[in-house]
2 protein chains.
Amino acid sequence: MSGRGPRERMVFSAAQLIRRDGVGATGMREVAAHARAPRGSLQHYFPGGKEQLVNEAVGWAGRYAGKRVARFLAALPEPTPALLFAEMVRQWTDEYEADGFAGGCPVAAATVDLATSTDSAREAASAAFTEWTTAVARALTDLGVPAGRAGPLATLMISSLEGAILLARAERSSRALTEVSRELGPLLDSAVTAPGPGHAAGR
Amino acid sequence: MSGRGPRERMVFSAAQLIRRDGVGATGMREVAAHARAPRGSLQHYFPGGKEQLVNEAVGWAGRYAGKRVARFLAALPEPTPALLFAEMVRQWTDEYEADGFAGGCPVAAATVDLATSTDSAREAASAAFTEWTTAVARALTDLGVPAGRAGPLATLMISSLEGAILLARAERSSRALTEVSRELGPLLDSAVTAPGPGHAAGR
DNA sequence: CCGCTACTATGACGACGGTCATGACGGACA
DNA sequence: TGTCCGTCATGACCGTCGTCATAGTAGCGG
């Protein structure tokens, strides 16, 4: 777990702490201690200060989420959009049942704490979300979802997942996550063969 | 705007600042200044300190969101679940197009910054979400959604909305909000007459 | 041994936050 | 008038945080 260099470990630790405590409540000294890295390395590897560290952590999280999607797809014997989403959700329910509801999504945490940094934090979060979304959209098209619907459906999946994570953490229950997965499943699978949008009210 | 007493103004201002900057980045002095209230009133009205103030702000937000649902329903000439959700989304797109993407949901902000306070903050956020969810679920049943689906669908609506708010703020675009509304609409309306779950893969 | 570079170590500074202590104002009421 | 109490006003304390400055160590080519 965690890359070999101290630098990578610090980025990884930053992402972990941010996703648990938020950006503002995560201190640089804390990151160094968590990564078992010397405090002096902070200003050496991250001359841009906390902003740079947070941005790299967010970017790392986006890349991680994107890669994870492809791995989910490969692991499923008979992949469908609903099963992919169920797998994405399961990643969270598993963690919550194993380690408690301590952590959320680091990108979401960075988005909420926009005021702390300049626009660069927002851009990093936006890039992370787009990376994740395009990965999901690509997976959907691979599963037979028409190109026009893959993007919006990917956005819907990630939005629902992020929101359900919030609810789950607040109520300390995976209920929201499982319900969202169950309710969204049929809609996602119904988009595979359907040529146009929805069923009736296209608008 | 804002109640008459200084106390209510402070709770309201706290909610506004929290939803913009997050819990950690919002200072007590800042809240007092924003509410045009004397700093000395903080320790008088909120002897429980910041924790109490934040919890009351979160509770206020939950109550506000719940009432808002009923008002949306009443304002719609021919209400359907999809139209209700579209109205909930529109509240955010309108604000974002008018005032910029400055603010998010205060309850989400409080949920992300769990570490700052004890469990009471989490309970306040949970209560706020529950209040909001039950209001939406009640509206859905009024619109003809079977009792068994109203709760999960309400959770899905709020999850998607919260997540889309995150995406919208990150990319400074209402795209995610409108796409989620459009994609979720048919599913919501299809639940009105359908007795069982989804269309095919019930489980 | 020198100089150079990458990395580590540590202390200090300035700013800000939440909280507390203390006191002042201003009606209400006897 | 004197006293009480809700409200407001400030200044101080103490901790933490991000950042900077400075110095130390380790390895290496010359």
Side-chain angles (χ1 to χ4, degrees), chain A residues 2-18 20-58 106 109-110 112-121 124, chain B residues 2-58 109-110 112-121 124:
Chain A
S2 76
R4 300 222 271 300
R7 193 184 198 272
E8 294 148 353
R9 283 210 316 273
M10 281 194 267
V11 174
F12 180 76
S13 290
Q16 273 197 281
L17 294 176
I18 287 172
R20 201 188 53 187
D21 303 331
V23 174
T26 298
M28 303 279 277
R29 296 166 167 86
E30 197 184 353
V31 171
H34 184 276
R36 239 111 62 211
R39 214 191 84 197
S41 302
L42 279 172
Q43 71 186 278
H44 185 70
Y45 291 116
F46 307 96
K50 186 175 188 177
E51 186 178 332
Q52 181 187 356
L53 178 58
V54 171
N55 291 357
E56 294 204 21
V58 169
V112 166
D113 271 359
L114 283 178
T116 55
S117 305
T118 71
D119 265 13
S120 70
Chain B
S2 75
R4 300 222 269 302
R7 212 195 117 99
E8 293 149 354
R9 283 209 317 273
M10 281 193 269
V11 174
F12 180 76
S13 291
Q16 275 197 279
L17 294 176
I18 286 171
R19 97 195 187 88
R20 201 187 54 188
D21 302 331
V23 175
T26 297
M28 302 278 278
R29 297 166 166 85
E30 197 185 353
V31 171
H34 184 275
R36 239 111 61 212
R39 215 191 82 201
S41 302
L42 280 173
Q43 73 184 277
H44 189 254
Y45 291 117
F46 307 96
K50 187 176 189 177
E51 186 177 331
Q52 182 186 356
L53 178 58
V54 171
N55 291 358
E56 295 205 19
V58 169
V112 166
D113 271 358
L114 283 180
T116 55
S117 304
T118 72
D119 265 12
S120 71

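Chain letters run A, B, ... following the sequence lines, proteins first, then strands; residues in each count from 1.
Remark: the backbone N or O of B:Arg36 is paired with a side-chain donor or acceptor of B:Arg9 at under 3.5 angstrom. Looking only at distances, no side-chain donor or acceptor of B:Asn55 sits under 3.5 Å from a matching main-chain atom of B:Ala124.
For the pair B:Asp113 CG and C:dG18 P, the interatomic distance rounds to 12 Å; values are reported in whole Å. Atoms CG (B:Asp21) and P (C:dC16) sit 15 Å apart, rounded to a whole Å. Atom C1' of nucleotide C:dT10 and atom CG of A:Leu42 are separated by 13 Å, given to the nearest angstrom. With rounding to whole Å, A:Tyr45 atom OH is found 11 Å from C:dA6 atom P. Here C:dC16 presents its P atom at 10 Å from CZ of B:Arg29, a figure rounded to the nearest Å. In this structure, NE2 of B:His44 is placed 17 Å from P of C:dT19, rounded to the nearest angstrom. The nearest whole Å value for the distance from the NZ atom in A:Lys50 to the C1' atom in C:dC16 is 13 Å.
On the nucleic acid side, DNA chain D contacts chain B at distances under 4.0 Å to non-hydrogen atoms, with the end points of that region at D:dG6 to D:dA12.
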- May I have the step-by-step check of side chain to side chain contact (heavy atoms under 4.5 Å, CB included) for B:Leu17 and B:Arg20, ending in yes or no? CA-CA 5 Å; B:Leu17 294 176; B:Arg20 201 187 54 188; 3.6 Å; yes
- Can you list the steps and then say if A:Asp113 with B:Asp113 is a side chain to side chain contact (heavy atoms under 4.5 Å, CB included)? CA-CA 9 Å; A:Asp113 271 359; B:Asp113 271 358; 4.0 Å; yes
- Item | Pair A:Phe46-A:Met28, side chain to side chain contact (heavy atoms under 4.5 Å, CB included): steps then yes or no | CA-CA 11 Å; A:Phe46 307 96; A:Met28 303 279 277; 5.6 Å; no
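Here the closest non-hydrogen pair linking B:Val58 and B:Ala110 is CG2-CB, 3.5 Å.
When distances run from any side-chain atom of B:Arg39 to the nucleotides C:dA12, C:dC20, C:dT8, the shortest one goes to C:dC20.
The nearest heavy atom of DNA chain D to A:Thr26 and to B:Ala37 marks one nucleotide each, and the one closer to the 5' end goes with B:Ala37.
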